[in-house]
Amino acid sequence: QVHLVESGGEPVQIGGSLRLSCAASGRISSHALGWWRQAPGKEREFVAAINWRGSIREYTDSVKGRFTISRDNAKNTVFLQMDSLKPEDTAVYYCAAHLAPYGEGFNSADGRSYESWGRGTQVTVSS
């Protein structure tokens, strides 16, 4: 297991930017990592995922071109840069870790693929 702690969520205006961070207690250098979000009254949804070297990055369609996932393995941290924020981006954002490489059989958009989850950080986008 890996302990994950998200930070960086806060109120922001429409069109603004935020950078979320997720710090891991253990080494995550070989793990696939993802960001998910859950808006009020909705199911948790996949946002983005990244492999260990950053050569594979996947995004849900609604954030493509606006969000960027990255990682710093030396600091055991994964980031989510969010630009051009919209009200529909309002949600609790969660970091998740798949305790294995980004390999065959790993479905980044299936929450059951992740073994460790953080507690989330709130992002609120308003005018």
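Just so it is clear, the values below take in all heavy atoms, side chains as well, and ignore hydrogens, waters and symmetry mates. Note that the structure is predicted; figures quoted are calculated from it, not measured.
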Quiz prompt | Audit row: V78, I69, side-chain contact (heavy atoms from CB on, under 4.5 Å) steps and yes/no | solution = CA-CA 7 Å; V78 61; I69 188 171; 4.0 Å; yes

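Residues in residues 63-85 take part in no ring-ring contact (aromatic ring centres under 6.0 Å, His included) pair, two or more places apart or across chains. Note on residues 42-52: pairs passing salt bridge (Lys or Arg N to Asp or Glu O under 4.0 Å), not counting sequence neighbours, are R37-E45. The disulfide bond (SG atoms under 2.5 Å apart) contacts involving residues 20-127 comprise C22-C95, where partners must be two or more places apart or lie in separate chains. Residues in residues 81-112 take part in these ring-ring contact (aromatic ring centres under 6.0 Å, His included) pairs, two or more places apart or across chains: H98-F106, Y102-F106, F106-Y114.
Looking at every heavy atom in both residues, V123 comes nearest to G9 through CG2-CA, 4.0 Å.
Of the possible donor and acceptor atoms, none in the side chain of Q13 sits under 3.5 Å from a partner among the backbone N and O of S127. For the pair S25 (side chain) and H3 (backbone), a donor-acceptor distance under 3.5 Å is present.
Remark: K64 engages D61 in a salt bridge, criterion side-chain N to carboxylate O under 4.0 Å.
For the side-chain contact (heavy atoms from CB on, under 4.5 Å) test with T121, the passing option among L18, L80, L20, V5 is L20; the others fail. The side-chain contact (heavy atoms from CB on, under 4.5 Å) test with L33 singles out one residue from V2, N73, I50, N51, and that residue is I50.
In the hydrophobic clustering of this structure, Y59 does not group with W36; members are Ile, Leu, Val, Met, Phe, Trp, Tyr whose side-chain heavy atoms approach within less than 4.5 Å, directly or through other members.
Within the 4.5 Å cutoff, the side chain of F46 has no heavy atoms near those of the D110 side chain.
Counted within 6.0 Å of CD on E88, heavy atoms from surrounding residues, nucleotides or ligands total more than 12; the atom is thus considered enclosed.
Residues satisfying the side chain to side chain donor-acceptor pair (under 3.5 Å) criterion with Q38, sequence neighbours excluded, are absent altogether. Taking the salt bridge (charged side-chain N to carboxylate O under 4.0 Å, His left out) definition, one finds that R27 meets it with nothing, sequence neighbours left out.
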